[in-house]
Amino acid sequence: MSRPAKIIIDLAAIQANCRLAQTLAPHSKTVAVVKADAYGHGAVEVTKALEPQVEMFTVSCLEEALILRENGLKKPILLLEGCFDIGELKIALDNQCEIIVHSRLQLEQLLNTRLKTPLNIWLKIDTGMHRLGILPKEVESIYAKLVESSNVNNIVLMTHFAHADAVGGAHTAKQISQFETCIQPIVAHANHKVELSMANSAALLAWQQTRVDWNRPGIMLYGLSPFAETIEEATALIPAMNFESQVIALREILTGESVGYGCTWTAQRPSVIATIAVGYGDGYPRTAKSGTPVLINNQRAPLAGRVSMDLISVDVTELANVQLGDKAVLWGKTLSANEVASWADTIGYELVTRMPRRVTRHFVK
Ligand SMILES: *Cc1c(COP(=O)(O)O)cnc(C)c1O
């Protein structure tokens, strides 16, 4: 016995989406992005499913990495924001983590400690996102300091795009050329191959020249397209999270009657309202407007009125034969979280990532 609101995670879909990323970039290695509990999909299970298939994983912080180590993950883990203090460097090293260095403070901490063996470093360059990263003009001097340090082993040069989902857009083109220009002297003078990393999902799908040594796909692994428009390369993605519940009440209401808190939806005709056991306490966005599609018995019907903590109401007047206990899909393979997000002023990334613990998670292979 339990509330029927649940998410079903299709691990085979995640494996297939990852293979798609790898097929698009057969000469690149893959760092699977599993930060924020694998975008709400369960990082322990997702990394187990992907470990045979990818070279590396990445999370935002050491705490997230340690959970994966405790659960037996063996492949290297990259810390996307690097270390937050000098004490984390040793723990990162002891746990086969590689670290991003994005600031002068992190550089100082790394150079001013004594590690028993050197760490692998990813030097993040700010080519136009203006969030994290060292300036392009500092790259050569900082790289030289890192090379000299006994704390540093391999160095990957990386950057991150602000607007790669704008296909062909000028901002990404500029970031690519900034990156290529500032790393050029290093690549030209090194006596070994210098590894590079640029692509997130959007770049990997739409910007062929960003598929370099290491790609960092995140959202596409979970089957959501990073693009607002339809992109050929993204059409084969399979959404991995299926969020569903059940119809637990049905009623007929008269024209002029309203539904839910604030009485924001009023019946324009005699209507049938289905009440679904799911609400914002289960991760269904409260900002979803009346009209947001919900699938009941695989047919679309519009949300009617405000989302409550535990419940939503759906106008099923036009559906035949809706019964108590019928399945309601909030998003999944046949209704994209991106589409629901567009009704709730957010993006699919946020919807899947912020699922609360109350919703039980089931894994299928
Ligand atoms: C989150 C993140 C990614 C993955 O981005 P997606 O858009 O989910 O593919 C890649 N690189 C960095 C640095 C990130 O922070």
Side-chain angles (χ1 to χ4, degrees), residues 13-14 17-22 24-25 28-41 43 46-47 50 54-62 64-65 76-84 97-103 106 121-134 156-167 169 171-172 175-176 179 195-207 210-228 231 233-234 237 239-241 336-338 341 346-354:
I14 295 175
N17 295 330
C18 186
R19 270 194 298 279
L20 175 70
Q22 291 166 319
L24 286 171
S28 306
K29 289 178 277 191
T30 303
V31 192
V33 183
V34 295
K35 63 193 178 197
D37 201 22
Y39 295 42
H41 292 68
V46 168
T47 52
L50 288 181
V54 302
E55 286 78 12
M56 193 170 181
F57 293 95
T58 184
V59 294
S60 20
C61 56
L62 191 55
E64 289 183 341
I77 305 174
L78 172 65
L79 307 182
L80 278 174
E81 284 151 44
C83 290
F84 289 88
C97 292
E98 307 196 0
I99 59 166
I100 279 183
V101 171
H102 65 72
S103 68
Q106 288 182 327
I121 302 301
W122 294 53
L123 184 60
K124 186 163 187 173
I125 305 165
D126 179 8
T127 58
M129 176 82 170
H130 299 326
R131 202 176 56 172
L132 298 179
I134 61 162
V156 179
L157 297 173
M158 67 168 290
T159 195
H160 190 49
F161 296 116
H163 203 188
D165 54 325
V167 179
H171 196 270
T172 302
Q175 284 197 267
I176 295 170
F179 185 68
E195 290 183 315
L196 307 175
S197 179
M198 290 195 260
N200 56 3
S201 299
L204 172 49
L205 288 161
W207 295 83
T210 68
R211 301 169 189 160
V212 289
D213 300 291
W214 291 93
N215 296 328
R216 310 185 307 271
I219 196 73
M220 71 177 294
L221 300 177
Y222 310 104
L224 293 179
S225 168
F227 303 100
I231 298 287
E233 282 78 3
L237 294 174
M241 178 187 290
S336 169
N338 283 334
T346 184
I347 52 176
Y349 286 79
E350 188 191 10
L351 291 188
V352 295
T353 300
R354 53 175 217 152

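Everything numeric in this text was worked out from a predicted model, so none of it was measured. Each ligand, and each atom within it, is numbered from 1 in the order the structure gives. Residues take their numbers from the sequence shown, with the count starting at 1.
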Check: Is there a side-chain contact (heavy atoms from CB on, under 4.5 Å) between F161 and W207 once you walk through the steps?
Finding: CA-CA 11 Å; F161 296 116; W207 295 83; over 6 Å; no
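- Scanning the protein for heavy atoms near atom 12 (C) of ligand 1, the closest one is H160 CE1, 3.4 Å.
- Between R131 and ligand 1, a contact under 3.5 Å exists for no N or O pair.
- Atom 9 (O) of ligand 1 has S201 OG, 2.5 Å as its closest protein atom, hydrogens excluded (heavy atom only).
- Listed for the E64 side chain is no donor-acceptor partner under 3.5 Å among the backbone atoms of T58.
- At a cut-off of 3.5 Å, with distance as the only test, no side-chain donor of R131 or H102 sits close to an acceptor on the other residue.
- No side-chain heavy atom of F57 sits less than 4.5 Å from a side-chain heavy atom of V31.
- Counting atoms of ligand 1 from 1 in the listed order, those under 4.0 Å from a heavy atom of Y349 are 6 (P), 7 (O), 8 (O).
- Residue contact check: Y39 has heavy atoms under 4.0 Å from atoms 1 (C), 4 (C), 5 (O), 6 (P), 8 (O) of ligand 1.
- Looking only at distances, a side-chain donor or acceptor of E55 sits under 3.5 Å from a matching main-chain atom of T30.
- In I219, the parts holding a heavy atom less than 4.0 Å from any atom of ligand 1 are both the side chain and the backbone.
- At a 3.5 angstrom cut-off on N or O pairs, G218 counts as close to ligand 1.
- Nearest heavy-atom pair, L224 versus V352, reported as atom, atom and distance to 0.1 Å: CD1-CG1, 4.1 Å.
- Between D213 and V156 the shortest side-chain heavy-atom distance does not fall below 4.5 Å.
- Shortest contact from atom 1 (C) of ligand 1 to any protein heavy atom: K35 NZ, 1.4 Å.
- For atom 10 (C) of ligand 1, the closest non-hydrogen atom on the protein side is R216 O, 3.4 Å.
- The contact set between ligand 1 and N200, taken as ligand atoms under 4.0 Å from a residue heavy atom, comprises 5 (O), 9 (O), 10 (C).
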